[in-house]
Amino acid sequence: MVQTIEVSGLRKRYGDVQAVDGVTFGVEEGEFFGILGPNGAGKTTTLEIIEGLRKADEGEVSVLGLSPWPRNPGLLPRIGVQLQASSFFERLTTREQLRTFGSLYGVPVKKADAMMELVGLEGKADVRVEKLSGGQAQRLSIACALVHDPELLFLDEPTAALDPQGRRNLWDVLRQINTQGRTVVLTTHHMDEAEILCDRVAIMDAGKILRLGPPAVLVRGLDVPARISVASGVLAVADARLLPGADEAADDGISLTITTRDPSAVVAAMAAKDALTGVQIHGATLEDVFLELTGREYRA
Ligand SMILES: Nc1ncnc2c1ncn2[C@@H]1O[C@H](COP(=O)(O)OP(=O)(O)OP(=O)(O)O)[C@@H](O)[C@H]1O
Ligand SMILES: [Mg+2]
């Protein structure tokens, strides 16, 4: 497999803070790769070093076979970068921003204008960027990162400010780009997004990678019971606890929820009692993996 990104032994310190503390991973050509982690985990710092925007204290980085630091002009046309905080040319409209970004790479005006449609901003073509909403600005910054058809795309929390519809539209755009053979690296706090989009994810905390793998493999490696819920009252809690395979049962007045490591035995027993009204079965998710690894409490 061709490695598009190779990172080994990466370290970066800001004063007292060890932001990145020995990170090693690779991203294959055509892969959709996610970096997850709580606030301050070191995701943005890691990305910025790979993008050539920051110098590492220690470690090796190779991007498309080249070193991104010192800033490598040969790499710039081949990568697209969307930063966590959008930055635009001042006082330009949406259309002018895209044309200006495009002109840096010799992109024709028509192609630049077509990007507005891709991210649903055609109605904002003549609006100055400072008047865009947070989500609209985020969509524009993604369009700017894509305007020159980069082989490798970096997105730092691209859907953080988007409404549910905007998020799904962007997923479609990113999937399409990835299907064309482009490599995508993104950071996100949305576990559903990582599970749906990413071939592999790295879960980071305190500057280190705690787990790395396909979401389904990480989820399978977790010993979390399934939760079966039905409408409240279809079965008494005491009876639910006695079902074969049931570990625990609770009724909150809306749903009766049974936790079990043998969901098929529980569902079969409930079916026999005709007690499956409104049944929902939840297995472990990437969110469970994330919380298990990084803890449930907030950190600074
Ligand atoms: N320019 C900087 N100067 C000093 N400290 C910094 C700087 N940038 C980041 N840090 C610190 O480095 C650590 C990692 O920050 P980073 O931005 O990489 O985290 P992150 O995983 O992207 O977090 P978030 O989810 O909040 O975006 C944090 O403790 C942060 O306070
Ligand atoms: Mg960040």
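If you read the sequence from its start, that first residue is 1, and numbering goes on from there.
A donor-acceptor distance shorter than 3.5 angstrom exists from the side chain of Asp251 to the backbone of Gly233, with no hydrogens or angles considered. Panel note: side chain Thr260, backbone Gly245; a donor-acceptor pair is recorded below 3.5 Å. Checked by atom type and distance alone, the side chain of Thr183 pairs as donor or acceptor with a backbone atom of Gly30 at under 3.5 Å. Of the possible polar contacts, one joining the Glu96 side chain to the Thr93 backbone as a donor-acceptor pair under 3.5 Å is found. Checking side-chain atoms of Gln138 against main-chain N and O of Ala161 turns up a donor-acceptor pair under 3.5 Å. A donor-acceptor pair is defined here as one N or O able to donate and one able to accept, closer than 3.5 Å; such a pair exists between the side chain of Glu31 and the backbone of Glu28. For the pair Gln18 (side chain) and Val20 (backbone), a donor-acceptor distance under 3.5 Å is present. Between the side chain of Thr24 and the main chain of Gly9, a donor-acceptor pair closer than 3.5 Å is present.
Taken to the nearest 0.5 Å, the CZ atom of Phe290 stands 13.5 Å off from the CG atom of Leu222. The OG1 atom of Thr259 sits 12.5 Å away from the NE2 atom of His282 when rounded to the nearest 0.5 Å. One finds the CG atom of Leu10 at 4.5 Å from the CD1 atom of Ile49 (value rounded to the nearest 0.5 Å). How far CG of Asn169 is from OG1 of Thr159: 12.0 Å, rounded to the nearest 0.5 Å. His190 contributes atom NE2, which lies 11.5 Å from atom CD1 of Ile196 (distance to the nearest 0.5 angstrom). Put simply, CZ on Arg227 and OG1 on Thr257 are 8.0 Å apart, with the number rounded to the nearest 0.5 Å.
Residue pairs meeting the salt bridge (Lys or Arg N to Asp or Glu O under 4.0 Å) criterion with at least one member in residues 74-94, sequence neighbours excluded, are Arg78-Glu151. For residues 87-120, every residue pair satisfying the ring pair (Phe, Tyr, Trp, His ring centres under 6.0 Å) rule, not counting sequence neighbours, is listed here: Phe89-Phe101, Tyr105-His148. Listed by first and then second residue, the ring pair (Phe, Tyr, Trp, His ring centres under 6.0 Å) pairs involving residues 7-37 are Phe25-Phe33 (not counting sequence neighbours).
In the hydrophobic clustering of this structure, Val184 does not group with Leu83; members are Ile, Leu, Val, Met, Phe, Trp, Tyr whose side-chain heavy atoms approach within less than 4.5 Å, directly or through other members. Connection of Val173 to Ile142 is established within a shared hydrophobic cluster, with ILVMFWY side chains joined at heavy-atom distances below 4.5 Å, either directly or through further cluster members. Leu66 and Leu153 fall into different hydrophobic clusters, where Ile, Leu, Val, Met, Phe, Trp and Tyr residues are linked whenever their side-chain heavy atoms come under 4.5 Å apart, directly or through other members. Note: the hydrophobic cluster containing Leu76 does not contain Leu155 (ILVMFWY, side chain heavy atoms under 4.5 Å, direct or indirect links). Residues Val217 and Met191 do not share a hydrophobic cluster, clusters being chains of Ile/Leu/Val/Met/Phe/Trp/Tyr side chains in contact below 4.5 Å.
In terms of heavy atoms, Val63 sits closest to Pro68 at CG2-CG, 4.0 Å. The minimum heavy-atom distance linking Ala145 with Pro150 is given by the pair O-CG, 3.4 Å. When all heavy atoms of Val201 and Cys198 are compared, the pair lying nearest together is CG1-CB, 3.7 Å. What you find for Thr44 and Gln84 is that their closest heavy atoms are OG1-OE1, 2.8 Å. Considering all non-hydrogen atoms of both residues, Ala226 and Pro263 come closest at CB-CG, 4.1 Å. Nearest heavy atom pair, residue Ala112 against residue Leu98, reads CB-O, 3.7 Å.
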Test side chain to side chain contact (heavy atoms under 4.5 Å, CB included) on Leu186 and Asp156; report intermediate values, then the result. CA-CA 6 Å; Leu186 64 69; Asp156 199 350; over 6 Å; no
Set out, in order, the CA-CA distance, both residues' side-chain angles and the distance that settles side chain to side chain contact (heavy atoms under 4.5 Å, CB included) for Gln3 and Val27, then state yes or no. CA-CA 6 Å; Gln3 296 283 302; Val27 178; 6.0 Å; no
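Between Val61 and Trp69 the shortest side-chain heavy-atom distance does not fall below 4.5 Å. A 4.5 Å side-chain heavy-atom check between Glu195 and Thr285 finds at least one atom pair inside the cut-off. Looking at Trp171 and Asp192, their side chains come closer than 4.5 Å, going by heavy atoms from C-beta outward. The side-chain heavy atoms of Ile35 and Ile209, taken from C-beta on, include no pair separated by under 4.5 Å. Using a 4.5 Å heavy-atom cutoff, the side chains of Leu212 and Leu218 are not in contact. Side-chain contact between Ile5 and Ser62 is absent, with no heavy-atom pair separated by less than 4.5 Å.
Within 6.0 Å of the CG atom in Asp274, the count of heavy atoms belonging to other residues, nucleotides or ligands does not exceed 12. The local environment of CD in Gln165 is sparse, with at most 12 non-hydrogen atoms from other residues, nucleotides or ligands closer than 6.0 Å. When the shell of 6.0 Å around CZ of Arg211 is examined, it contains 12 or fewer heavy atoms from other residues, nucleotides or ligands. Counting heavy atoms of neighbouring residues, nucleotides and ligands inside a 6.0 Å radius, atom CD of Glu287 does not exceed 12 of them.
Of the charged side-chain nitrogens involved, none lies within less than 4.0 Å of a carboxylate oxygen, so that Asp205 and Lys43 do not count as a salt-bridged pair. Under the 4.0 Å criterion applied to side-chain N and carboxylate O atoms, Asp113 and Lys110 are not assigned as salt-bridge partners. At a threshold of 4.0 Å, the pair Asp149-Lys111 counts as salt-bridged, since one of the basic side-chain nitrogens sits closer than that to a carboxylate oxygen. Between Lys208 and Asp21 a salt bridge is recorded (basic side-chain N to carboxylate O distance below 4.0 Å).
Applying the side-chain contact (heavy atoms from CB on, under 4.5 Å) test between Met204 and each of Leu36, Val23, Thr294, Leu210 identifies Val23 as the sole match.
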Atom pairs and distances, side-chain donor-acceptor, residues 117-134, under 3.5 Å, sequence neighbours left out:
unit_1	atom_1	unit_2	atom_2	d
Asp126	OD1	Arg95	NH1	2.6
Ser133	OG	Gln136	N	3.2
Ser133	OG	Gln136	OE1	3.4

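Looking at residues two or more places apart in sequence or on another chain, you find no side-chain hydrogen bond (donor to acceptor under 3.5 Å, both in side chains) involving Asn72.
By the 4.5 Å side-chain criterion applied to Ile, Leu, Val, Met, Phe, Trp and Tyr, Val266 is assigned to a cluster that also includes Ile228, Val230, Val234, Leu235, Val237, Leu243, Leu256, Ile258, Val267, Met270, Leu276, Val279, Ile281.
Side-chain atoms of Glu157 and Thr187 form no donor-acceptor pair, as typed in the model, at a separation below 3.5 Å. A side-chain donor-acceptor contact under 3.5 Å links Glu193 and Thr188.
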